[in-house]
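Worth knowing before you read on, the calculation uses all heavy atoms, side chains too, and leaves out hydrogens, waters and symmetry mates.
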Amino acid sequence: MGFRSWISVALQLTMATALLVGCSQPAATSDSASPSDANGVTLKMVESITSPQRTALLKEMLAQFEAKNPGIKVDLISPPFEGADQKITQMLMAKEELDVLEVREFNAKQFSMNGFIENLKPYTDKWQNYDQLTDVAKRRATWVDKTPYYIPNGLYQRVLYYRTDWFKEAGVEVPKTWDELLVAAKKLTDPAKNRYGYSFRGGGTGWDYALITMWAYNGTEVDPDSAFFMKDGRTLFSTPQSLQAMQYYKQLYKEASPKDSVSWGFQEMVQGFVAGSTAMLIQDPDVIDGAKEKMQEGTWATAPIPLGPSGVAQQVVGGPGWGMTSYSKHKEEAWKLIEFLSDPEQSTHFAKKTSTIPVVKSAAEDEFYKTGYFQPFIEMSQQPTKFLDVSRPVDYKGWGAWQSTADKDIQSFLLDQLTAEDLLKKWDQYWTKEKAERK
Amino acid sequence: MDTQKPIVMMTKQVVPEGKKSFRISKEGRFIFLCLLPAILFVSVFTYYPLVRGIIMSFQNYTLFDLMNIQFIGLDNFVNVLTSPDFPRVAMNSFYWVFFSLVFQLLFGFMLALLMRKKFRGRGIYQAFVFFPWAMSGFLIGLIWRWMFNAQFGVINDLLLKTGLIDAPISFLADGTWAMAAVIIANIWYGVAFFAIMILAALQSIPEELYEAAAMDGAGRIQQFWRVTLPYIMPTMLVTILLRVIWILNFPDIIYAMTNGAPAGSTHIFATYMIDKVIFGQDYGQASAVGVIIVVILMLFTIFYVKATKVEKGGDF
């Protein structure tokens, strides 16, 4: 082979390598290109619930961590929120270099079952702040096999948002139960004025709202550890109370919600409330900042979520958190980072800035949470027998396939293409089979 | 295959004994090395995922249990093809491609004919026409989703203000309206591509042809049928083929506008496949849907190429 040929081969290989390496970089922002540092360790960290503000906040906290731990650098990866969890799953499947990751309650089981994330028990046993976590935060941390796989960084708990001005105008009291909510919503509905009582969620994951109604109707008979089942082993969908709940749910849609809310997702339901189309909204605390920005002070307020005829209300309190990969080469340093981010002071600061409910007990004494829009969240947390935290059966094999059709089924029901009886029968059969087939 | 035999025999005759029959010249080697990066690139980013996808379509590949992946024969295909959703998804895919294509072609043609003529501000006008093509499909979906919103959408507002309707239409709450809405958004997006391609073809028609046609007594309509259309036909046929493939594989607008809602009435194959991955976490079934899309497109392409002899076209 002549000189020219060698040059040609070298060029081709360089180009091909550059092309492949270039294309295999994660499509995410990254502070540092090098995975390790000559003077210490560089941790790779990935967040899931990304937003520009949240990423900036995390970077600030990571800078503080680096200042306190001169031998450790942190390389933060922030994939776009849409698809971030898929991106993290792909990174784990490919065993990409990663030390700390944001785990969410719906993928914790999947990650632990596939051996992607580390059991943090050896670390939490020695961690003095573990007992500072609230009960709900501890349940989120340990709900998979009663093992701490991650430390929650904020709780997503729903409350009722309502228009105080409309309520005053119509002489309506703030609803405490689902029945009162329907009465109030109907009274506040006036299609001629483009006003509706309730910001209905019929679009993506709208099934979750149908479920909170069903849970509230079935009350304490629901198994809190796997809330698609009753304590006696039947499915949630087999009870007469669930049928009543679904009939109620349809009434709420037909008589007090905008017709097109059958396809509303998070954005539309919040927009409906803040833009003055709907009087009530049930949502997470992250709506507060947006509502503060777009609505006049004194025209809206928050209240605990409505109770069912059973006298209780359940919801799945979302609690994402920081976990560690099982294959991390820097586990001690990774835990140091998790420990730093989960410190009561840091964690409360993070929760305040991201508009979530704090995971540490001491935050309940914080003025920021004791008064104003956040107060109902704390009020609900302090009544755990009335406002129950339950879990979805995300550890069942059929969870994914069910999710894939649940929204469609609910929409078919709301659009009168499927009866409540048929819908519940379908889901009852599905989950009865799932339970029977479970290992 | 028959043509290869004589070549092998001839090679055997000319190659001296003891040497290999397969030799590449220096030029051949150089060309091969030049092509190597492209071959590697296409192999890694096109053929590997394709082969991987085909393999996954025969496996129980779910995110729930990655430790227990096995070959399950045709189960994924059986599940997809016998699903009650499948007939509607197939019909929607047909409507989606057919109506999008017909109206994109029609409006694209009209715009190209208009833009062919020189007039004041033609550049700005062209920029407006081509603008949608430069935008992300997902973003277009989000924009149209808000435009079609019954409460805050500009479309209902316009219809109400012009007195065409008395009450807002819930476009995205009704299956038929929702399907029409996503197709309208897609037409808006794709018109630019047809306009660009047809305009390029129109501008390549020699003026002499029109002059000759005029001398032979052809009027404007006859010139269109006898000169314009035959001349741009190869471009049109290739563009139609490309667009059919792209439209069927284009979930962005539907995904952002309705995500298949309401009640699955706007799902096409591509969005159905995404649904299987994102919510169902079932890569096996999603891959089976992907393989079905590839088979449909291959059959269509073979039929189309045979019917139109489109491989001889492509003057662009």
Near [X] [atom1], under 6.0 Å, is it more than 12 heavy atoms from other residues, nucleotides or ligands?
| X | atom1 | answer |
| --- | --- | --- |
| D416(A) | CG | yes |
| K294(A) | NZ | no |
| Y95(B) | OH | no |
| W146(B) | CH2 | yes |
| K95(A) | NZ | yes |
| K426(A) | NZ | yes |

Taking every heavy-atom pair that is under 4.5 Å apart, which of [options] has the most such pairs with chain B?
| options | answer |
| --- | --- |
| V262(A), I410(A), N194(A) | N194(A) |
| D395(A), T205(A), V394(A), L418(A) | D395(A) |
| K109(A), E268(A), Q417(A) | E268(A) |

Please name the pair of heavy atoms, one in [X] and one in [Y], separated by the smallest distance, quoted to 0.1 Å.
| X | Y | result |
| --- | --- | --- |
| M67(B) | M113(A) | CG-O, 4.1 Å |
| S263(A) | A173(B) | OG-N, 4.4 Å |
| A150(B) | D260(A) | N-OD2, 2.9 Å |
| K259(A) | S170(B) | CB-OG, 3.4 Å |
| Y396(A) | F64(B) | O-CE1, 3.6 Å |
| F116(A) | L66(B) | CZ-CD1, 3.6 Å |

Separation of Q411(A) CD from T258(B) OG1 (nearest 0.5 Å):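 If I round to the nearest 0.5 Å, the distance is 9.0 Å.
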
Contact origin within [X] toward chain B - heavy atom pairs under 4.5 Å:
| X | result |
| --- | --- |
| W402(A) | neither |
| Q271(A) | both |
| N114(A) | both |
| F111(A) | neither |
| D409(A) | neither |
| A275(A) | side chain |
| S412(A) | both |

Chain A contact via N149(B) - which portion, at a heavy-atom distance below 4.5 Å: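 Interface part for N149(B): both.
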
Proximity breakdown for F152(B) and chain A, heavy-atom pairs closer than 4.5 Å: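 Interface part for F152(B): side chain.
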
Lys/Arg N to Asp/Glu carboxylate O, K408(A) vs D275(B), below 4.0 Å: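 No salt bridge links K408(A) with D275(B).
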
Heavy-atom pairs under 4.5 Å with chain A, option from T62(B), N259(B), D85(B) with the top count: D85(B)

Between I278(B), D282(B), I169(B), the one whose heavy-atom pairs under 4.5 Å with chain A are most numerous: I278(B)

Exam field: side chain S277(A) to backbone Q151(B), donor-acceptor pair closer than 3.5 Å: no

